[in-house]
Amino acid sequence: MINESFDNGVPHLAVVDYDYHLEPEQIAQYAIEPRDASKLLVWTVSEIKDRSFHELDQELGSDVLLVANDTKVIPARLHALTSGGHQIEIFLLKPLDPEWLRWEAMIGNRRRFKEGDSALVSGKLTLKWLNREENQVEFELPSGYTSMPEAIEDLGKVPLPPYIDRGVEVGDKERYQAIFAQKAGAVAAPTASLHFTQELEQRMLGKGIGLAKLTLHVGAGTFKPMSGEFSHQHDMHSEQFEITQELISQLLDRVYPREIMSEGDLGQENRVSMRGRVVAIGTTSMRVLESLYYIGVRILGNQWMGRVETEDAYCDLSVRLLNREVDLKESLLAIRDFCDGCGGSLKGETKIFIVSGFNFRICDGLITNFHQPKSTLLMLVDAFLGGKWRVIYGHAHRESYRFLSYGDGSLLWRYFF
(Lines give C-alpha, C1' and ligand atoms only; values in the text may rest on other atoms or scores of the structure.)
Protein backbone atom coordinates (compact mmCIF):
# COMPACT_ATOMS: atom_id res chain seq x y z
CA MET A 1 0.00 0.00 0.00
CA ILE A 2 1.45 3.36 -1.05
CA ASN A 3 1.05 6.25 1.34
CA GLU A 4 0.01 8.95 -1.13
CA SER A 5 0.31 11.67 1.52
CA PHE A 6 3.99 10.86 2.05
CA ASP A 7 6.16 13.69 0.79
CA ASN A 8 9.95 13.68 1.08
CA GLY A 9 10.35 16.84 -0.99
CA VAL A 10 11.03 14.89 -4.19
CA PRO A 11 9.28 16.41 -7.24
CA HIS A 12 6.10 14.56 -8.22
CA LEU A 13 7.18 12.90 -11.48
CA ALA A 14 5.09 10.25 -13.22
CA VAL A 15 7.02 6.97 -13.34
CA VAL A 16 5.32 6.03 -16.62
CA ASP A 17 7.17 8.91 -18.29
CA TYR A 18 10.40 6.91 -17.80
CA ASP A 19 9.20 3.82 -19.60
CA TYR A 20 10.54 2.50 -22.90
CA HIS A 21 10.41 -0.79 -24.77
CA LEU A 22 13.39 -3.07 -24.13
CA GLU A 23 13.53 -6.32 -26.07
CA PRO A 24 15.12 -9.32 -24.29
CA GLU A 25 17.73 -9.62 -27.05
CA GLN A 26 18.91 -6.06 -26.30
CA ILE A 27 19.93 -7.08 -22.78
CA ALA A 28 23.56 -8.18 -22.74
CA GLN A 29 23.86 -11.69 -21.30
CA TYR A 30 27.65 -11.75 -21.55
CA ALA A 31 30.32 -9.08 -21.30
CA ILE A 32 32.40 -8.23 -24.35
CA GLU A 33 36.10 -9.03 -24.31
CA PRO A 34 38.35 -7.21 -23.95
CA ARG A 35 36.58 -4.96 -21.48
CA ASP A 36 37.13 -1.74 -23.40
CA ALA A 37 35.91 -3.17 -26.72
CA SER A 38 32.33 -2.18 -25.87
CA LYS A 39 30.64 0.71 -27.63
CA LEU A 40 30.78 4.21 -26.14
CA LEU A 41 28.03 6.74 -26.83
CA VAL A 42 29.32 10.28 -26.27
CA TRP A 43 26.72 13.00 -25.66
CA THR A 44 27.05 16.75 -25.55
CA VAL A 45 24.23 19.25 -25.92
CA SER A 46 25.03 19.57 -29.62
CA GLU A 47 25.78 16.05 -30.85
CA ILE A 48 25.96 12.30 -30.31
CA LYS A 49 29.09 10.39 -31.30
CA ASP A 50 29.53 6.62 -31.57
CA ARG A 51 32.94 5.48 -30.37
CA SER A 52 34.60 2.52 -28.70
CA PHE A 53 35.28 2.56 -24.99
CA HIS A 54 39.02 2.17 -25.57
CA GLU A 55 38.87 5.66 -27.14
CA LEU A 56 37.60 7.23 -23.91
CA ASP A 57 40.90 8.99 -23.24
CA GLN A 58 40.46 10.89 -26.52
CA GLU A 59 37.22 12.40 -25.18
CA LEU A 60 38.77 13.67 -21.94
CA GLY A 61 41.29 16.43 -21.26
CA SER A 62 43.90 16.94 -18.57
CA ASP A 63 41.41 19.18 -16.74
CA VAL A 64 39.25 16.13 -15.94
CA LEU A 65 39.13 14.31 -12.61
CA LEU A 66 37.56 10.86 -12.92
CA VAL A 67 36.03 9.46 -9.74
CA ALA A 68 35.74 5.67 -9.47
CA ASN A 69 33.96 3.46 -6.96
CA ASP A 70 36.44 0.99 -5.45
CA THR A 71 33.85 -1.31 -3.90
CA LYS A 72 34.37 -5.03 -4.43
CA VAL A 73 31.50 -7.40 -5.21
CA ILE A 74 31.18 -10.31 -2.82
CA PRO A 75 29.77 -13.70 -3.94
CA ALA A 76 26.53 -12.91 -2.16
CA ARG A 77 24.41 -15.89 -3.30
CA LEU A 78 24.56 -18.91 -1.02
CA HIS A 79 22.64 -22.19 -1.38
CA ALA A 80 21.75 -24.17 1.71
CA LEU A 81 19.85 -27.21 2.94
CA THR A 82 17.57 -26.70 5.97
CA SER A 83 17.42 -29.11 8.89
CA GLY A 84 14.05 -30.18 7.44
CA GLY A 85 15.68 -31.15 4.14
CA HIS A 86 14.56 -28.16 2.02
CA GLN A 87 16.69 -26.22 -0.45
CA ILE A 88 16.85 -22.46 0.13
CA GLU A 89 18.86 -19.61 -1.36
CA ILE A 90 20.36 -16.81 0.74
CA PHE A 91 21.07 -13.47 -0.92
CA LEU A 92 23.25 -11.39 1.39
CA LEU A 93 22.31 -7.71 1.48
CA LYS A 94 24.15 -5.93 4.27
CA PRO A 95 26.42 -7.02 7.15
CA LEU A 96 25.13 -6.06 10.59
CA ASP A 97 28.38 -6.49 12.47
CA PRO A 98 32.09 -5.99 11.68
CA GLU A 99 32.78 -9.74 11.62
CA TRP A 100 30.09 -10.39 8.99
CA LEU A 101 28.43 -13.02 11.17
CA ARG A 102 25.04 -11.27 11.19
CA TRP A 103 23.41 -10.17 7.93
CA GLU A 104 20.31 -8.68 6.49
CA ALA A 105 19.40 -11.14 3.75
CA MET A 106 16.71 -12.22 1.32
CA ILE A 107 15.74 -15.88 1.61
CA GLY A 108 14.47 -17.78 -1.41
CA ASN A 109 11.88 -20.48 -0.54
CA ARG A 110 11.62 -18.90 2.93
CA ARG A 111 8.32 -20.63 3.69
CA ARG A 112 10.39 -23.79 4.05
CA PHE A 113 12.78 -22.13 6.50
CA LYS A 114 10.91 -21.94 9.80
CA GLU A 115 11.72 -19.96 12.94
CA GLY A 116 14.25 -21.94 14.95
CA ASP A 117 15.42 -24.00 11.97
CA SER A 118 19.05 -24.07 10.96
CA ALA A 119 20.48 -24.50 7.47
CA LEU A 120 23.82 -25.68 6.15
CA VAL A 121 25.63 -24.03 3.22
CA SER A 122 27.70 -26.51 1.18
CA GLY A 123 27.84 -28.80 4.19
CA LYS A 124 30.11 -26.33 5.99
CA LEU A 125 28.45 -23.07 7.01
CA THR A 126 25.56 -23.03 9.49
CA LEU A 127 23.02 -20.22 9.64
CA LYS A 128 19.91 -19.48 11.72
CA TRP A 129 17.18 -16.86 11.73
CA LEU A 130 18.16 -13.99 13.95
CA ASN A 131 15.01 -11.97 13.24
CA ARG A 132 12.61 -13.37 10.66
CA GLU A 133 10.48 -10.24 10.39
CA GLU A 134 13.52 -8.07 9.64
CA ASN A 135 15.20 -10.71 7.43
CA GLN A 136 18.23 -11.02 9.67
CA VAL A 137 20.28 -14.20 9.79
CA GLU A 138 23.29 -15.30 11.79
CA PHE A 139 26.17 -17.54 10.69
CA GLU A 140 28.53 -19.68 12.68
CA LEU A 141 32.11 -19.45 11.44
CA PRO A 142 33.06 -23.00 10.38
CA SER A 143 36.37 -24.64 11.09
CA GLY A 144 38.91 -24.27 8.34
CA TYR A 145 38.16 -20.57 7.78
CA THR A 146 39.80 -17.66 9.56
CA SER A 147 36.98 -15.18 8.83
CA MET A 148 33.48 -14.93 7.40
CA PRO A 149 34.66 -12.93 4.38
CA GLU A 150 36.96 -15.85 3.57
CA ALA A 151 34.11 -18.36 3.96
CA ILE A 152 31.71 -16.30 1.81
CA GLU A 153 34.36 -15.88 -0.88
CA ASP A 154 34.83 -19.65 -0.99
CA LEU A 155 31.22 -20.82 -0.70
CA GLY A 156 29.21 -18.07 -2.40
CA LYS A 157 28.34 -17.44 -6.03
CA VAL A 158 28.52 -14.27 -8.12
CA PRO A 159 25.29 -12.25 -7.64
CA LEU A 160 24.47 -11.64 -11.29
CA PRO A 161 21.49 -9.31 -11.81
CA PRO A 162 18.06 -10.94 -12.28
CA TYR A 163 17.83 -9.85 -15.92
CA ILE A 164 20.88 -11.92 -16.87
CA ASP A 165 18.92 -15.02 -17.76
CA ARG A 166 21.51 -17.74 -17.35
CA GLY A 167 23.47 -19.52 -14.69
CA VAL A 168 26.68 -18.20 -13.20
CA GLU A 169 29.73 -19.28 -15.19
CA VAL A 170 33.39 -19.47 -14.22
CA GLY A 171 34.33 -16.29 -16.07
CA ASP A 172 31.74 -14.21 -14.23
CA LYS A 173 33.76 -14.10 -11.02
CA GLU A 174 36.49 -12.07 -12.71
CA ARG A 175 34.32 -10.26 -15.27
CA TYR A 176 31.70 -8.98 -12.81
CA GLN A 177 34.43 -7.16 -10.92
CA ALA A 178 35.95 -3.80 -11.85
CA ILE A 179 39.70 -3.19 -12.03
CA PHE A 180 39.23 -0.58 -9.27
CA ALA A 181 37.73 -3.12 -6.83
CA GLN A 182 39.44 -3.07 -3.44
CA LYS A 183 36.95 -2.93 -0.54
CA ALA A 184 34.61 -5.91 -0.26
CA GLY A 185 30.96 -5.23 0.48
CA ALA A 186 28.89 -4.75 -2.70
CA VAL A 187 26.24 -7.23 -3.82
CA ALA A 188 26.04 -5.68 -7.29
CA ALA A 189 28.80 -4.29 -9.48
CA PRO A 190 29.27 -0.59 -10.27
CA THR A 191 28.85 -1.58 -13.89
CA ALA A 192 30.22 1.53 -15.61
CA SER A 193 33.61 0.55 -14.20
CA LEU A 194 33.50 -2.87 -15.90
CA HIS A 195 34.63 -1.29 -19.20
CA PHE A 196 37.98 -0.10 -17.86
CA THR A 197 41.27 -1.92 -18.43
CA GLN A 198 44.65 -1.38 -16.82
CA GLU A 199 46.00 -0.19 -20.18
CA LEU A 200 43.23 2.41 -20.56
CA GLU A 201 43.79 3.62 -17.01
CA GLN A 202 47.52 4.05 -17.56
CA ARG A 203 46.96 5.83 -20.86
CA MET A 204 44.61 8.32 -19.20
CA LEU A 205 46.98 8.94 -16.30
CA GLY A 206 49.77 9.49 -18.81
CA LYS A 207 47.72 12.27 -20.40
CA GLY A 208 47.29 14.04 -17.06
CA ILE A 209 43.70 12.92 -16.49
CA GLY A 210 43.14 12.65 -12.76
CA LEU A 211 41.71 9.62 -10.95
CA ALA A 212 40.17 9.64 -7.48
CA LYS A 213 38.47 6.86 -5.49
CA LEU A 214 35.51 6.60 -3.16
CA THR A 215 33.53 3.64 -1.86
CA LEU A 216 29.82 2.92 -2.18
CA HIS A 217 28.77 -0.63 -1.41
CA VAL A 218 26.09 -1.22 -4.02
CA GLY A 219 23.05 -2.99 -2.59
CA ALA A 220 20.26 -5.05 -4.12
CA GLY A 221 18.08 -1.95 -3.79
CA THR A 222 19.65 -0.69 -7.01
CA PHE A 223 17.31 -3.18 -8.80
CA LYS A 224 14.28 -2.26 -6.66
CA PRO A 225 11.25 -1.37 -8.80
CA MET A 226 9.60 2.00 -8.27
CA SER A 227 7.15 1.64 -5.40
CA GLY A 228 4.47 4.01 -6.66
CA GLU A 229 3.09 5.79 -9.68
CA PHE A 230 5.02 8.97 -8.83
CA SER A 231 8.63 9.54 -7.81
CA HIS A 232 7.80 11.06 -4.40
CA GLN A 233 6.08 7.82 -3.40
CA HIS A 234 9.25 5.77 -3.77
CA ASP A 235 11.12 4.72 -0.65
CA MET A 236 14.70 5.14 -1.85
CA HIS A 237 17.17 2.55 -0.61
CA SER A 238 20.22 3.53 1.43
CA GLU A 239 23.76 2.40 0.69
CA GLN A 240 26.94 2.52 2.75
CA PHE A 241 29.78 4.76 1.61
CA GLU A 242 33.27 5.82 2.64
CA ILE A 243 35.08 8.96 1.55
CA THR A 244 38.62 10.04 2.32
CA GLN A 245 40.33 13.30 3.04
CA GLU A 246 42.41 12.67 -0.08
CA LEU A 247 39.28 12.60 -2.26
CA ILE A 248 38.07 15.90 -0.82
CA SER A 249 41.47 17.47 -1.45
CA GLN A 250 41.47 16.23 -5.04
CA LEU A 251 38.02 17.72 -5.60
CA LEU A 252 39.04 21.04 -4.10
CA ASP A 253 42.14 21.14 -6.30
CA ARG A 254 40.05 20.57 -9.45
CA VAL A 255 36.93 22.56 -8.65
CA TYR A 256 38.75 25.40 -6.88
CA PRO A 257 42.27 25.42 -8.37
CA ARG A 258 44.87 27.88 -7.25
CA GLU A 259 45.23 30.97 -9.40
CA ILE A 260 47.94 30.75 -12.05
CA MET A 261 49.88 33.42 -13.90
CA SER A 262 49.25 34.01 -17.59
CA GLU A 263 50.44 36.61 -20.05
CA GLY A 264 47.73 38.96 -21.30
CA ASP A 265 47.24 40.47 -24.75
CA LEU A 266 49.50 43.44 -23.91
CA GLY A 267 52.22 41.34 -22.38
CA GLN A 268 50.90 41.96 -18.88
CA GLU A 269 50.72 39.12 -16.43
CA ASN A 270 47.19 38.34 -15.24
CA ARG A 271 45.96 35.97 -12.59
CA VAL A 272 43.50 33.44 -14.02
CA SER A 273 41.82 30.39 -12.57
CA MET A 274 40.57 27.48 -14.66
CA ARG A 275 37.94 25.19 -13.17
CA GLY A 276 38.45 21.51 -13.82
CA ARG A 277 35.73 19.02 -14.71
CA VAL A 278 34.62 16.17 -12.45
CA VAL A 279 33.38 13.02 -14.17
CA ALA A 280 31.70 10.29 -12.13
CA ILE A 281 32.41 6.74 -13.23
CA GLY A 282 28.94 5.35 -12.69
CA THR A 283 25.76 6.39 -10.94
CA THR A 284 27.15 4.98 -7.68
CA SER A 285 30.06 7.42 -7.70
CA MET A 286 27.70 10.24 -8.65
CA ARG A 287 25.40 9.36 -5.77
CA VAL A 288 28.22 9.83 -3.26
CA LEU A 289 29.70 12.91 -4.94
CA GLU A 290 26.37 14.70 -5.00
CA SER A 291 25.79 13.75 -1.34
CA LEU A 292 28.94 15.58 -0.25
CA TYR A 293 27.38 19.04 -0.12
CA TYR A 294 24.71 17.86 2.33
CA ILE A 295 27.26 16.02 4.48
CA GLY A 296 29.30 19.22 4.80
CA VAL A 297 26.25 21.31 5.64
CA ARG A 298 25.23 18.86 8.35
CA ILE A 299 28.76 18.89 9.77
CA LEU A 300 28.70 22.70 9.85
CA GLY A 301 25.38 22.57 11.68
CA ASN A 302 26.57 19.84 14.10
CA GLN A 303 23.83 17.65 12.65
CA TRP A 304 25.85 14.90 10.96
CA MET A 305 24.31 11.63 12.18
CA GLY A 306 25.93 9.34 9.62
CA ARG A 307 23.29 9.49 6.91
CA VAL A 308 22.16 11.69 4.01
CA GLU A 309 18.37 11.65 3.72
CA THR A 310 16.41 12.01 0.48
CA GLU A 311 14.76 15.20 1.69
CA ASP A 312 18.15 16.86 2.31
CA ALA A 313 18.41 17.43 -1.43
CA TYR A 314 14.99 19.01 -1.86
CA CYS A 315 14.81 21.42 1.06
CA ASP A 316 16.99 24.45 1.66
CA LEU A 317 19.13 22.49 4.10
CA SER A 318 21.76 25.14 4.83
CA VAL A 319 19.14 27.80 5.60
CA ARG A 320 17.16 25.36 7.70
CA LEU A 321 20.18 24.33 9.78
CA LEU A 322 22.37 27.45 9.71
CA ASN A 323 20.03 30.29 8.68
CA ARG A 324 22.34 31.13 5.77
CA GLU A 325 23.50 29.87 2.41
CA VAL A 326 26.55 27.59 2.32
CA ASP A 327 28.56 27.24 -0.88
CA LEU A 328 30.17 24.03 -2.07
CA LYS A 329 33.71 25.05 -1.15
CA GLU A 330 32.80 25.75 2.49
CA SER A 331 30.99 22.42 2.65
CA LEU A 332 33.95 20.46 1.22
CA LEU A 333 36.37 22.19 3.57
CA ALA A 334 34.14 21.21 6.50
CA ILE A 335 34.32 17.56 5.43
CA ARG A 336 38.09 17.71 5.01
CA ASP A 337 38.50 19.17 8.52
CA PHE A 338 36.06 16.60 9.94
CA CYS A 339 38.11 13.76 8.41
CA ASP A 340 41.11 14.97 10.42
CA GLY A 341 39.40 13.75 13.57
CA CYS A 342 38.23 10.48 12.00
CA GLY A 343 41.53 8.98 10.89
CA GLY A 344 41.39 10.56 7.45
CA SER A 345 38.06 9.14 6.29
CA LEU A 346 34.33 9.38 6.87
CA LYS A 347 31.77 6.58 6.68
CA GLY A 348 28.03 6.80 6.41
CA GLU A 349 24.95 5.99 4.36
CA THR A 350 23.15 7.91 1.65
CA LYS A 351 19.48 7.72 0.69
CA ILE A 352 19.79 10.49 -1.88
CA PHE A 353 17.29 10.17 -4.75
CA ILE A 354 18.31 12.18 -7.81
CA VAL A 355 15.44 13.21 -10.10
CA SER A 356 14.62 16.15 -12.34
CA GLY A 357 14.88 19.32 -10.26
CA PHE A 358 17.98 18.16 -8.37
CA ASN A 359 20.75 20.77 -8.04
CA PHE A 360 23.98 19.18 -9.30
CA ARG A 361 26.95 20.82 -7.59
CA ILE A 362 29.97 18.64 -8.39
CA CYS A 363 29.55 16.38 -11.43
CA ASP A 364 30.11 17.75 -14.93
CA GLY A 365 30.17 14.39 -16.68
CA LEU A 366 28.89 10.86 -16.14
CA ILE A 367 30.12 7.54 -17.49
CA THR A 368 27.30 5.03 -17.27
CA ASN A 369 25.59 2.07 -18.93
CA PHE A 370 22.02 2.00 -20.25
CA HIS A 371 19.47 1.41 -17.50
CA GLN A 372 16.17 -0.38 -17.03
CA PRO A 373 12.85 1.29 -17.90
CA LYS A 374 11.06 3.05 -15.02
CA SER A 375 14.11 2.81 -12.76
CA THR A 376 15.65 5.25 -10.28
CA LEU A 377 18.87 5.15 -12.33
CA LEU A 378 17.08 6.26 -15.49
CA MET A 379 15.54 9.10 -13.47
CA LEU A 380 19.05 10.12 -12.38
CA VAL A 381 20.26 10.19 -15.99
CA ASP A 382 17.22 12.26 -17.01
CA ALA A 383 17.92 14.77 -14.22
CA PHE A 384 21.54 15.10 -15.28
CA LEU A 385 20.69 15.62 -18.96
CA GLY A 386 17.79 17.98 -18.48
CA GLY A 387 15.18 15.67 -19.99
CA LYS A 388 17.17 14.44 -23.02
CA TRP A 389 17.28 10.75 -22.09
CA ARG A 390 14.82 9.68 -24.82
CA VAL A 391 17.04 11.19 -27.53
CA ILE A 392 20.04 9.23 -26.26
CA TYR A 393 18.21 5.95 -25.67
CA GLY A 394 16.50 6.23 -29.05
CA HIS A 395 19.91 6.56 -30.70
CA ALA A 396 21.23 3.61 -28.69
CA HIS A 397 18.30 1.48 -29.88
CA ARG A 398 18.82 2.39 -33.53
CA GLU A 399 22.57 1.73 -33.37
CA SER A 400 22.17 -1.65 -31.62
CA TYR A 401 23.83 -0.76 -28.33
CA ARG A 402 23.73 -3.48 -25.68
CA PHE A 403 21.81 -2.61 -22.52
CA LEU A 404 22.18 -3.07 -18.74
CA SER A 405 25.03 -4.43 -16.61
CA TYR A 406 27.09 -6.30 -19.20
CA GLY A 407 26.12 -3.86 -21.96
CA ASP A 408 27.75 -0.86 -23.61
CA GLY A 409 28.66 2.46 -22.03
CA SER A 410 28.12 6.17 -22.48
CA LEU A 411 29.90 9.41 -21.64
CA LEU A 412 27.34 12.09 -20.89
CA TRP A 413 28.25 15.75 -20.46
CA ARG A 414 25.97 17.99 -18.47
CA TYR A 415 27.27 21.08 -20.26
CA PHE A 416 28.98 21.63 -23.59
CA PHE A 417 32.72 22.32 -23.15
Side-chain angles (χ1 to χ4, degrees), residues 2-15 67 214 216 219 221 224 226-228 230-245 247-249 251-252 255-256 275 278 280 283-342 345-364 366 376-377 379-380 382-384 386-387 414:
I2 301 298
N3 180 2
E4 294 188 357
S5 65
F6 175 71
D7 195 342
N8 50 16
V10 173
H12 297 197
L13 306 174
V15 174
V67 183
L214 54 76
L216 182 103
K224 180 181 178 181
M226 296 294 293
S227 48
F230 295 91
S231 53
H232 71 286
Q233 297 170 328
H234 183 65
D235 183 18
M236 190 64 178
H237 61 284
S238 64
E239 291 173 318
Q240 297 174 320
F241 69 81
E242 181 177 3
I243 55 176
T244 63
Q245 195 172 45
L247 167 69
I248 302 302
S249 294
L251 290 171
L252 285 165
V255 179
Y256 301 102
R275 183 191 187 279
V278 177
T283 58
T284 62
S285 293
M286 176 174 277
R287 200 174 182 209
V288 179
L289 288 170
E290 294 298 337
S291 294
L292 293 178
Y293 174 76
Y294 309 103
I295 296 170
V297 169
R298 287 194 168 275
I299 289 171
L300 288 166
N302 295 315
Q303 293 290 318
W304 173 241
M305 305 299 290
R307 184 151 126 170
V308 177
E309 300 290 349
T310 293
E311 49 264 38
D312 287 353
Y314 300 97
C315 69
D316 200 342
L317 186 66
S318 64
V319 172
R320 194 179 74 184
L321 296 183
L322 300 166
N323 295 315
R324 64 181 179 85
E325 295 288 344
V326 172
D327 66 19
L328 176 60
K329 185 174 185 179
E330 182 182 2
S331 181
L332 292 176
L333 288 170
I335 298 173
R336 190 171 70 176
D337 292 343
F338 188 85
C339 287
D340 262 338
C342 301
S345 67
L346 181 152
K347 295 182 179 180
E349 294 187 359
T350 181
K351 280 195 74 172
I352 200 168
F353 185 13
I354 298 176
V355 302
S356 181
F358 181 86
N359 182 13
F360 289 91
R361 289 180 167 88
I362 290 182
C363 296
D364 305 293
L366 171 65
T376 59
L377 300 182
M379 284 188 161
L380 178 152
D382 172 69
F384 191 66
R414 183 166 171 241

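Sequence positions, counted from 1, serve as the residue numbers for this chain.
- When every heavy atom of S345 is checked against every heavy atom of C342, the shortest pair comes out as O-CB, 3.1 Å.
- Using cut-offs of 30° and 60° for the angle between ring planes, the F384 and F360 rings count as perpendicular.
- At distances below 3.5 Å, at least one donor-acceptor pair connects side-chain atoms of S231 with backbone N or O atoms of L13.
- Partners of F230 by ring-ring contact (aromatic ring centres under 6.0 Å, His included), not counting sequence neighbours: none found.
- Y314 contributes atom OH, which lies 7.0 Å from atom CD1 of I352 (distance to the nearest 0.5 angstrom).
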Where do V319 and E325 land on the side chain to side chain contact (heavy atoms under 4.5 Å, CB included) test, with the steps shown first?
CA-CA 6 Å; V319 172; E325 295 288 344; 3.5 Å; yes
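- One finds the OG1 atom of T244 at 11.0 Å from the CD1 atom of I335 (value rounded to the nearest 0.5 Å).
- Under the salt bridge (Lys or Arg N to Asp or Glu O under 4.0 Å) criterion, the residue pairs touching residues 285-303 are E239-R287, R298-D312, with sequence neighbours excluded.
- In this structure, the separation between CD1 on I243 and CG on L346 is 5.0 Å, given to the nearest 0.5 Å.
- Of all the heavy atoms in S331 and G296, the pair that sits closest is OG-CA, 3.1 Å.
- A distance of 8.5 Å separates CG in L216 from OG in S291, rounded to the nearest 0.5 Å.
- With sequence neighbours excluded, the residues forming a side-chain contact (heavy atoms from CB on, under 4.5 Å) with V15 are M226, K374, M379, listed by chain and number.
- Remark: N359 engages R361 in a side-chain contact (heavy atoms from CB on, under 4.5 Å) (not counting sequence neighbours).
- Of the inter-residue distances, the one linking R414 atom CZ with C363 atom SG reads 9.0 Å to the nearest 0.5 angstrom.
- Residues meeting the side-chain contact (heavy atoms from CB on, under 4.5 Å) test with K224, sequence neighbours left out: H234, D235.
- In terms of heavy atoms, H232 sits closest to V10 at CB-O, 3.4 Å.
- Under the rule for a side-chain contact (heavy atoms from CB on, under 4.5 Å), the partners of L252 that lie at least two apart in sequence or sit in another chain are I248, Y256, K329, L332, L333, R336.
- Rounding to the nearest 0.5 Å gives a distance of 8.0 Å between CG of L322 and CG of L317.
- A side-chain donor-acceptor contact under 3.5 Å links S318 to the backbone of R324.
- For the pair A334 and I299, the tightest heavy-atom approach, listed with the atom from each and the gap, is O-CG2, 4.1 Å.
- Residues L366 and L380 meet the side-chain proximity criterion, which asks for heavy atoms closer than 4.5 Å.
- T310 contributes a side-chain N or O that, together with a main-chain N or O of K351, makes up a donor-acceptor pair within less than 3.5 Å.
- A heavy-atom distance below 4.5 Å is found between the side chains of L289 and L251.
- No donor-acceptor distance shorter than 3.5 angstrom exists from the side chain of Y293 to the backbone of I362, with no hydrogens or angles considered.
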